[in-house]
Amino acid sequence: MLSRLPLQVDVIDPNEQIYGINYMEQLPITAKEVAKETALDPVLRKVFTYTLRGWPYQRDTELLPYSRKANELSVDNGCLLWGQRVVIPASLRSRVLQELHLEHPGVNRMKALARSFVWWVNLDKDIEELVKTCEQCQNARHRPSTTNPPHPWLYPNRPWERVHCDLAEFGGRQYFVMMDAYSKWPDIYDLGTSASTTKVIDALRRSFSSNGLPERLVSDNGPQFISLEFRDFVQSNGIRHQLTPPYHPASNGQAERLVQELKKSLRGKPAARSWSHQLSLFLLHYRSTPHTTTGKSPAELQLKRTLRTRLDLLFSRGQADLGQQNEQQFQEASSQVRELIPGEAVGVWNPRRDGRGNWLYGTVMQKVGPTNYMIEVEGHVRYVHIDHLRQRDSRSMSGGLPTPEQTDIPITPTSSKELIPPVISVTQESDAVEIPGRVKCI
Ligand SMILES: [Zn+2]
């Protein structure tokens, strides 16, 4: 037992523990909720009905912003849509704003993100108000540039043509930051407490494993980037390495800006969230939010698709219809395997750690999956795969004892006469049956 204890325990901030009790990630807002609130919203309710049945000649002033868009409004699964955007009822607006504001993207990016998903009257104004009152957004606003405009890099023709990289330090940890000039796709790696050349190369390798090799890599002349090891690495991978002038960080502005955004995000981390959790959230948010320079999300340009996020849950298309899908898979899979009937007496293979095993008597209780059954064995409930179940007859339960892997005994029609009476009496006490989910799995 002692060997399982962690050797090192992170120092736990007492505040963090207090937070941990009350802290819970807020659930995303779904299309279902939007539909429910739309039906309860005094204004949207009318708009919804008029969109379905046609607009009356006399209109209330509160309906004007909607009637002006009448031709572009539609309904879908109880939600009102303006073009591709969901119209959010008043009761959910503050929660949607929170979701959009999650990473403190600032006014412009927050508006761009909102435009891909939602709309309501005064949406832009609400966003401006929120950012104005958010200390974190205000503190992290970029200082107005007083220096010369950054190095006029040419805009590349394709993703991964030119990648900017940099190192950032935050809270005693080093981060390796990469940014593609074309798609604005960010890659960030936590290097731990020190940023050695080896660690930087390792991070690059990890990025290349999913993105491929870039044509050009731009960095400042930090010691890691001018080391012989680094030069060998980029040369052997056919990458051109370009250094930016010393003491002129603006030349590597793309990576610099990403570093600022990253620090802003890390600074705003809730106490109960881990650094790696925060970093992942930051990356997902950055990759899926339209970039102010390109007007598209990094994912769209880099991967040629949008990433599914919690905001997609606002649309009925964003709901993964797991129930239906699973049912379909269940049916398909079921048709290919043999069926056992509840109440049927079966032999249950009981494998042992040494690879051998023995057959036990059991009774089918019910089918719980395409290939899994709930079986009563010796008064206990077990979940058993069909491969480990045999019809209980004289051949399979006595004598040769073939293991499930050795042979596949064909199922013959059940006949009670052939069955060997169970040698174990099954107790009917309720506590003998284990709770499903915690049952032993053979
Ligand atoms: Zn903010």
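Note that ligands are numbered from 1 as they come in the structure, with each ligand's atoms numbered from 1 the same way.
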Ignoring hydrogens and geometry, is there a side-chain-to-backbone donor-acceptor pair from Lys184 to His291 under 3.5 Å?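 Checked: no pair found.
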Report the protein N/O/S neighbours of the Zn ion (ligand 1) that fall below 2.8 Å; do not count waters.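 Hits for the Zn ion (ligand 1) below 2.8 Å: His101 NE2, His104 ND1, Cys134 SG, Cys137 SG.
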Please determine if [X] and [Y] form a salt bridge, counting it only when a charged side-chain N lies under 4.0 Å from a carboxylate O.
| X | Y | result |
| --- | --- | --- |
| Arg95 | Glu33 | yes |
| Asp187 | Arg287 | yes |
| Glu103 | Lys264 | no |
| Lys46 | Glu62 | yes |

Rounded to the nearest 0.5 Å, how far apart are OG1 of Thr197 and CZ of Arg231?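 Thr197 atom OG1 to Arg231 atom CZ measures 13.0 Å (nearest 0.5 Å).
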